[in-house]
Amino acid sequence: MEKRRCLIIGSGPAGYTAGIYTGRADLKPLLYEGEQPGGQLTITTEIENFPGYPEGIGGMEMMEDLKKQAVRFGCDVRTGYIKEIDLGSRPFHAKDDHGGEIEAETVIIATGASAKWIGLESEKQFYGAGVSACATCDGYFYKNQTVAVVGGGDTACEEANYLSTLCSKVYLVHRRDELRASKAMQHRVLTNPKIEMCWNSRISRILGTEMDGVTGIELEDTKTGTKSEREVTGVFVAIGHQPNTAFLAGQVELDAQGYIKVNNPSSATSVPGVFAAGDVCDPNYRQAIVAAGKGCVAAMDVERFLQSN
Ligand code: NAP
């Protein structure tokens, strides 16, 4: 059994920042990268709003830099994910996906959040064959084609704008008659000649064949129930995210949406010695800079906790 003073679960900006700080505090942290090493930012092209990069930086590049910085200070970054954890008593016991077992005096949970799906059978059928949750990752495959984006928030608008630079036409399908996105983002979408709004609409079926992949969508008017079809070759689902907390099996207090409850402004969870940072406990801001800041908070909380416990 491997013994550690601090186990960090997750490798987004929160996890790596916690790694940098606990590393510099000589706690020799062990960090598990998780199923998506580098987190959600690795599927973003350009980050323009992280202070310190006046020309912007690629998401993958930034996460590689954060990882290098954490490793430089002695953070042990490990490929794989924590499958199971027992937070019933300290030290805590965790099992990874390779059969490894860790005994940790403290834990920082920074597992982030994952994309939500509409829940259609046809969505599952065409996943990876015309259905995607990441325009940045898959948009390239739809160059000069017509695609649909689902959602009315900042993510959907950002994806629609991005796709309009590659595709010949983008339908933005939203279930209401008003976008949830910020005014600036709304303006960009509503004045983009390549984007056509499908207001009060939901996708009731994704059409296609096994050989051709996606060929269209069936839309249902959310007010009248009237159905119509659009020809598209790609469907991008951008309806929000859910926090990655299933592996905790209810051992830490969560809010109604499944986000970890922390004792703000600290990162303390309902279990003494267990801290959380980043999107896994933040349904509101979901920004890299906020997650990084909270990773620092969690690391400092761990240091103080270890001094007094
Ligand atoms: P969001 O703000 O929660 O928006 C989700 C959208 O999907 C809403 O318009 C919602 O409709 C719709 N939706 C939810 N479930 C649906 C379903 N089952 N079927 C159809 N539509 C559904 O999520 P988000 O856009 O991912 O943004 C999350 C947070 O990140 C926000 O705070 C946002 O400002 C931030 N963000 C910021 C940036 C940026 O600043 N550049 C970029 C991306 C995200 P309703 O409106 O009807 O509820």
Side-chain angles (χ1 to χ4, degrees), residues 12-14 36 39-51 53 56-59 62 112-124 127 131-137 139 147-165 170-190 192 195 197-206 217-223 225 227 230 232 235-244 255-259 278-294:
Q36 189 179 11
Q40 292 182 74
L41 286 187
T42 56
I43 54 173
T44 305
T45 38
E46 190 79 353
I47 298 162
E48 293 181 326
N49 51 10
F50 199 97
Y53 298 100
I57 183 167
M62 188 171 102
S114 302
K116 278 187 194 164
W117 295 98
I118 310 172
L120 295 169
E121 206 42 56
S122 47
E123 179 185 46
K124 272 192 220 151
Y127 180 71
V131 173
S132 164
C134 177
T136 315
C137 321
V147 298
V149 175
V150 190
D154 279 319
T155 304
C157 291
E158 204 168 68
E159 303 235 320
N161 269 314
Y162 172 69
L163 289 166
S164 75
T165 64
V170 180
Y171 291 108
L172 182 52
V173 180
H174 183 37
R175 60 186 179 184
R176 293 188 294 132
D177 60 0
E178 192 187 358
L179 292 168
R180 179 180 292 279
S182 63
K183 289 286 177 229
M185 201 66 94
Q186 289 193 27
H187 181 73
R188 271 200 234 167
V189 161
L190 299 175
N192 186 326
I195 300 177
M197 290 302 308
C198 301
W199 297 112
N200 298 315
S201 299
R202 69 174 199 96
I203 294 183
S204 41
R205 209 152 50 98
I206 295 169
I217 46 174
E218 180 187 76
L219 291 181
E220 185 182 300
D221 188 302
T222 51
K223 291 208 159 141
K227 290 193 172 163
R230 303 284 185 282
V232 301
V235 177
F236 291 85
V237 181
I239 59 172
H241 293 80
Q242 60 198 7
N244 297 320
D255 71 9
Q257 295 166 277
Y259 288 86
D279 286 8
V280 75
C281 53
D282 176 12
N284 297 311
Y285 301 103
R286 304 188 56 253
Q287 297 300 300
I289 185 65
V290 177
K294 294 293 184 178

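Please read all numbers here as calculations on a predicted model, not as lab measurements. Whatever order the structure lists them in is the order used to number ligands and atoms, beginning at 1.
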Closest non-hydrogen atom pair between [X] and [Y], with its separation:
| X | Y | value |
| --- | --- | --- |
| Tyr259 | Asp282 | CD2-N, 3.8 Å |
| Ala238 | Thr155 | CB-CG2, 4.0 Å |
| Ser204 | Lys227 | OG-CE, 4.0 Å |

Trace of the side-chain contact (heavy atoms from CB on, under 4.5 Å) decision for Val131 with Trp117: CA-CA 10 Å; Val131 173; Trp117 295 98; 3.9 Å; yes

Arg188 atom CZ: more than 12 heavy-atom contacts under 6.0 Å: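 At most 12 heavy atoms, drawn from other residues, nucleotides or ligands, come within 6.0 Å of this atom.
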
More than 12 heavy atoms from other groups under 6.0 Å of OH on Tyr127: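 12 or below, so no.
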
Tabulated below should be the N or O atoms of ligand 1 paired with protein N or O atoms at under 3.5 Å; can you produce that?
{"residue": "ligand 1", "atom": "9 (O)", "partner": "Gly152", "partner atom": "N", "Å": "3.0"}
{"residue": "ligand 1", "atom": "9 (O)", "partner": "Gly153", "partner atom": "N", "Å": "3.3"}
{"residue": "ligand 1", "atom": "11 (O)", "partner": "Arg175", "partner atom": "NE", "Å": "3.1"}
{"residue": "ligand 1", "atom": "11 (O)", "partner": "Arg175", "partner atom": "NH2", "Å": "3.4"}
{"residue": "ligand 1", "atom": "25 (O)", "partner": "Asp154", "partner atom": "N", "Å": "3.3"}
{"residue": "ligand 1", "atom": "25 (O)", "partner": "Thr155", "partner atom": "N", "Å": "3.0"}
{"residue": "ligand 1", "atom": "25 (O)", "partner": "Thr155", "partner atom": "OG1", "Å": "3.1"}
{"residue": "ligand 1", "atom": "26 (O)", "partner": "Thr155", "partner atom": "OG1", "Å": "2.6"}
{"residue": "ligand 1", "atom": "30 (O)", "partner": "Arg286", "partner atom": "NH1", "Å": "2.9"}
{"residue": "ligand 1", "atom": "32 (O)", "partner": "Asn284", "partner atom": "O", "Å": "3.2"}
{"residue": "ligand 1", "atom": "34 (O)", "partner": "Asp154", "partner atom": "OD2", "Å": "2.5"}
{"residue": "ligand 1", "atom": "41 (N)", "partner": "Glu158", "partner atom": "OE2", "Å": "2.9"}
{"residue": "ligand 1", "atom": "46 (O)", "partner": "Arg176", "partner atom": "NE", "Å": "3.4"}
{"residue": "ligand 1", "atom": "46 (O)", "partner": "Arg176", "partner atom": "NH2", "Å": "2.8"}
{"residue": "ligand 1", "atom": "46 (O)", "partner": "Arg180", "partner atom": "NE", "Å": "2.9"}
{"residue": "ligand 1", "atom": "46 (O)", "partner": "Arg180", "partner atom": "NH2", "Å": "3.4"}
{"residue": "ligand 1", "atom": "47 (O)", "partner": "Arg175", "partner atom": "NE", "Å": "3.0"}
{"residue": "ligand 1", "atom": "47 (O)", "partner": "Arg176", "partner atom": "NE", "Å": "2.7"}
{"residue": "ligand 1", "atom": "48 (O)", "partner": "Arg175", "partner atom": "NH2", "Å": "3.1"}
{"residue": "ligand 1", "atom": "48 (O)", "partner": "Arg180", "partner atom": "NE", "Å": "3.4"}
{"residue": "ligand 1", "atom": "48 (O)", "partner": "Arg180", "partner atom": "NH2", "Å": "2.6"}

